[in-house]
Visitor: 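Let me give you the structure first, and then I'll get to my questions.
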Amino acid sequence: MGRGLLLPHTRRLMLFMRPMRYSASATVTAGSSRDPLHVCVVGSGPAGFYTAEKMLKGHEGVQVDIIDRLPTPFGLVRSGVAPDHPETKIVVNQFSRVAANPRCSFFGNVTLGSDVSLSELRKTYDVVVLAYGAESDRSFGIPGEDLRGIHSAREFVWWYNGHPDMCNLAPDLTNTDSAVVLGQGNVALDVARILLRCTTELASTDIAGYALDALRSSTIRKVYLVGRRGPVQAACTAKELREILGLKNVNICIKEADLATSPADKEEMRNSRIKRRVYELLSKAATMHQENNDNDQKELHFVFFRKPTKFLPSEDGSTVGAVELEKTLLKDDGATGKQVAVGTGEFEELKCGIVLKSIGYKSLPIEGLSFDKYRGVVPNLRGRVLCSESETATVEPGLYVVGWLKRGPTGIVATNLHCAEETVDSILEDDRKGVFTDPSGPKRQGRRGLVEILEQKNARYVPFDGWEKIDSKEKTAGELKNKPREKITRWNELLEAAREG
């Protein structure tokens, strides 16, 4: 990964010498009469920016620095939200206003663990909030999972969204007419929709240019969405489902037998309006498309009550050629009352040339941080990081967590707002209690200290005005193609764009 931008020392000093602005008439919160409260937020996705916004509003004596390993801010809003969902991305305008606050600074291209350690941040800031999300994937752990042509949905999403880590993924969309997506949540529906949507419609979005070219030459005509359980338990929302069911020139294929419901299914639908609406949409789609079958259409198959047990190679021996599926049935797990899928011992093969695994993102641990590997979260109490998972665990003073790292990879962009509010409430409560006040301890340097650490390590960071240069260049290139932007997708080009002007 590139590290190509080094700002002049004088320019760096401007980052932390901007004047502080306070309202004389406003009520000063606890702690703001002393030195500024120095807060570092690690991660610039929705959870990170909502945390920064709430801190700036809740404490007039706070300075907030947001660091991110990418040169570009906004996390999954930029690299996770589908290109044909521009309305979801409008939130970046709100986040940009947060970054423009004179008490807030952005440090892009700074990696926690290499450019700066967690222990260094904790010595430099009164408060460190970890919001770096989930940048890995869960796996099935079944034979053949390392065959070529098998990708995680995260990798595929990052690829078509122009994430610099995945610009060279190059999934082969021309060696097959069939793709299998394992999972039936919103991300699974996203990748299936991108594979099936008319490319003339995608051409006016901010999809990465190389991804649009690949989709234009794609030979995929059939996409199979495979789920362990039934239509009542599908993990998608009605909004996402309605969108994919309404795609032009796509025939929806659902086996009538899979729509049969048990008393337990009916109870689930009585208790959940979302489940009931999803089931109604699938039932309606099944009957509508039976009457309207055009041979020229692409196909979207909803495959229920199946779990993958093995990935089978094609004739070349190295590329996936099929997925072995075991039929399942639902049983009450006896503990939570939920219906779980259990294998029946009956197997079948589903031929394909590409597989996208959409079974969940996974957060990664870092040195010096307790971590629940099973749940993929940092043990915490209302955002306060705990030193271990035991019931008697003590709180790590000054260390907090928010977003997927706090609660797991669930929810939508707005879910992070409530999550951030809870964590910030904990921080402000601790500040009122004097947790961050230690007259005998060393004075925290905050932003100045971070800049010194990065300079000592020759870590070349990108400030928010560097991102604004990238933003401007992308939008200008997009105008030429009638797109909102043409994303810069390579590390060195991103850093070069941030340095121009």
Side-chain angles (χ1 to χ4, degrees), residues 5 7 11-12 14-21 39-60 62-83 85-110 129 131-133 161-164 205-206 402-403 412-421 424 447 450 461-479 483-489 494-495 497-501:
L5 179 63
L7 300 177
R11 176 67 188 139
R12 289 189 170 193
M14 291 175 66
L15 286 173
F16 57 84
M17 292 183 67
R18 290 181 294 189
M20 302 289 287
R21 298 177 186 173
V39 175
C40 181
V41 178
V42 182
S44 68
F49 263 105
Y50 281 133
T51 298
E53 181 180 47
K54 295 300 176 184
M55 281 302 310
L56 291 165
K57 287 181 178 179
H59 195 305
E60 291 187 1
V62 73
Q63 287 185 345
V64 181
D65 297 328
I66 305 172
I67 70 173
D68 199 289
R69 74 177 186 88
L70 293 176
T72 55
F74 312 134
L76 284 181
V77 178
R78 177 177 168 93
S79 62
V81 174
H85 285 176
E87 69 285 351
T88 308
K89 304 185 183 189
I90 294 174
V91 72
V92 303
N93 297 330
Q94 177 182 347
F95 296 160
S96 295
R97 289 191 293 272
V98 174
N101 188 304
R103 293 185 287 137
C104 183
S105 284
F106 173 73
F107 291 77
N109 201 45
V110 174
V129 184
Y132 60 78
N161 274 325
H163 192 293
T205 72
D206 67 356
V402 71
I412 58 176
V413 170
T415 309
N416 293 288
L417 174 58
H418 304 295
C419 183
E421 285 175 342
V424 170
R447 190 172 302 162
L450 176 62
Y461 62 86
V462 175
F464 198 74
D465 65 357
W467 150 246
E468 289 174 328
K469 293 172 185 177
I470 296 171
D471 185 41
S472 177
K473 188 169 183 177
E474 289 184 342
K475 287 178 176 176
T476 300
E479 287 177 3
K483 298 175 64 174
R485 66 176 67 241
E486 185 64 60
K487 286 182 178 175
I488 301 170
T489 62
L494 285 164
L495 296 171
R499 187 169 51 190
E500 291 176 357

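We use all heavy atoms of the structure for the numbers below, so side chains are in, but hydrogens, waters and symmetry mates are not. As the structure is a computational prediction, the values presented were derived from the model and not from experiment.
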Visitor: How would you list, by chain and number, every residue that makes a side chain to side chain donor-acceptor pair (under 3.5 Å) with T51, sequence neighbours excluded?
Guide: none

Visitor: Between F74 and W467, how do the two ring planes meet: parallel, tilted or perpendicular, split at 30° and 60°?
Guide: perpendicular

Visitor: Do the non-hydrogen side-chain atoms of P86 and D206 ever get within less than 4.5 Å of each other?
Guide: no

Visitor: Which heavy-atom pair separates A420 from A47 by the least distance, and what is that distance?
Guide: CB-O, 4.2 Å

Visitor: If you take all heavy atoms of P102 and R447, which pair is closest and at what distance?
Guide: O-NH1, 4.3 Å

Visitor: In Å, rounded to the nearest 0.5 Å, how long is the span from CG of D68 to CG of N109?
Guide: 9.5 Å

Visitor: Taking all atoms of both residues into account, what is the closest heavy-atom pair of A52 and V98, and its distance?
Guide: CB-CG1, 4.0 Å

Visitor: Do I67 and L450 make a side-chain contact, defined as non-hydrogen atoms from C-beta onward lying under 4.5 Å apart?
Guide: yes

Visitor: Please give me the minimum heavy-atom distance between V402 and A131, naming the atom from each residue.
Guide: CG1-CB, 3.3 Å

Visitor: Report the residues that fulfil side chain to side chain donor-acceptor pair (under 3.5 Å) with N416, sequence neighbours left out, ordered by chain and then residue number.
Guide: R407

Visitor: State which residues pass side chain to side chain donor-acceptor pair (under 3.5 Å) with Q94; sequence neighbours excluded, sorted by chain then number.
Guide: E53

Visitor: Please tell me if the side chains of Y132 and R69 come closer than 4.5 Å, counting only heavy atoms from C-beta onward.
Guide: no

Visitor: Any idea which heavy atoms bring E500 and K469 closest together, and the distance?
Guide: O-CD, 2.8 Å

Visitor: Would you please name every residue forming a ring pair (Phe, Tyr, Trp, His ring centres under 6.0 Å) with Y50, sequence neighbours left out?
Guide: F95

Visitor: Any donor-acceptor pair under 3.5 Å linking the side chain of N161 with the backbone of S79?
Guide: yes

Visitor: Taking the side chain as every heavy atom from C-beta outward, state whether P164 and L494 have any pair of such atoms under 4.5 Å apart.
Guide: yes

Visitor: For E468, check salt bridge (charged side-chain N to carboxylate O under 4.0 Å, His left out) against everything at least two apart and list the hits.
Guide: none

Visitor: Which pair of heavy atoms, one from A498 and one from I470, lies closest together, and at what distance?
Guide: N-CG1, 3.8 Å

Visitor: Nearest 0.5 Å, please: how far is NZ in K475 from NZ in K473?
Guide: 15.5 Å

Visitor: Do I66 and C104 have side chains that get closer than 4.5 Å, going by heavy atoms?
Guide: yes

Visitor: For R485, give me all partners under side chain to side chain donor-acceptor pair (under 3.5 Å), at least two apart in sequence or on another chain.
Guide: D471, E474

Visitor: Measure the CZ-OG distance between R78 and S44 for me, rounded to the nearest 0.5 Å.
Guide: 10.5 Å

Visitor: Can you tell me how far CG of N101 sits from NZ of K57, rounded to the nearest 0.5 angstrom?
Guide: 10.5 Å

Visitor: Would you say the side chain of L56 lies within less than 4.5 Å of the side chain of V62, judging by non-hydrogen atoms?
Guide: yes

